[in-house]
Q: 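Got a structure for you, written out below as structure tokens; questions coming shortly.
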Amino acid sequence: MSDKVSSAIQKLWTSYSKNTPQSLQLIDTYLVFILFSGVFQFVHCVLVGTFPYNAFLAGFISTVGSFVLAANLRIQTNPDNAGEFKSISPER
């Protein structure tokens, strides 16, 4: 079972590295960073407490907003979606 999972992950990573443009890989790296940042903030809030609750909300909501905006940028810059975003200039 683990050999199949390991093989599938390796095949996925190889295909991703080979077929995904570098600009999208950079955006994906940013998305992973923002995801882990939000998870870290949430875990910190659960473990330590919510004394400055407004600070937690501000940080977490800004993390969610950054993730959503970066995901939209990834969708718009994906060459496979170029037909759907004809009115947006490629210079963004």
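Just so we're clear, the structure is a prediction, and the values are computed from it rather than from any experiment.
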Q: Is it the case that one hydrophobic cluster holds both I27 and F33, taking links as side-chain heavy atoms less than 4.5 Å apart, direct or via other members?
A: yes
Q: Let me confirm one number: the OG-CD distance from S37 to Q41, rounded to the nearest 0.5 Å.
A: 4.5 Å
Q: For A58, is there any backbone N or O sitting under 3.5 Å from a side-chain donor or acceptor partner on S62?
A: yes
Q: Just checking F36: does its CZ atom have more than 12 heavy atoms from other residues, nucleotides or ligands closer to it than 6.0 angstrom?
A: no
Q: Check side chain to side chain contact (heavy atoms under 4.5 Å, CB included) between A70 and all other residues, then give those that pass, not counting sequence neighbours.
A: Y30, L31
Q: So, using side chain to side chain contact (heavy atoms under 4.5 Å, CB included) as the criterion, who are the partners of F42 when residues are at least two apart?
A: V46, F56, F60
Q: Applying the 4.5 Å side-chain criterion to the ILVMFWY set and letting contacts propagate, would V32 and L12 be lumped into a single cluster?
A: no
Q: Between T77 and F85, is the side chain to side chain contact (heavy atoms under 4.5 Å, CB included) condition met? List the steps.
A: CA-CA 9 Å; T77 57; F85 300 103; over 6 Å; no
Q: Please enumerate all residues that pass side chain to side chain contact (heavy atoms under 4.5 Å, CB included) together with E84, with sequence neighbours excluded.
A: none
Q: To the nearest 0.5 angstrom, please state how far the CG atom of L35 sits from the CG atom of D28.
A: 12.0 Å
Q: Checking the side chain of S17 only, and the main-chain atoms of W13 only, is there a donor and an acceptor separated by less than 3.5 Å?
A: yes
Q: For S66 and I34, work out which heavy atoms get closest and say how close.
A: CB-CD1, 4.2 Å
Q: Could you walk me through whether Y53 and L57 pass side chain to side chain contact (heavy atoms under 4.5 Å, CB included), step by step?
A: CA-CA 6 Å; Y53 191 65; L57 282 180; 3.4 Å; yes
Q: Quick check for you: to the nearest 0.5 Å, what is the distance between N78 atom CG and L24 atom CG?
A: 5.0 Å
Q: As an exercise, state the distance from CD of Q25 to CZ of R74, rounded to the nearest 0.5 Å.
A: 9.0 Å
Q: Are the side chain of N81 and the backbone of Q76 linked by a donor-acceptor contact shorter than 3.5 Å?
A: no
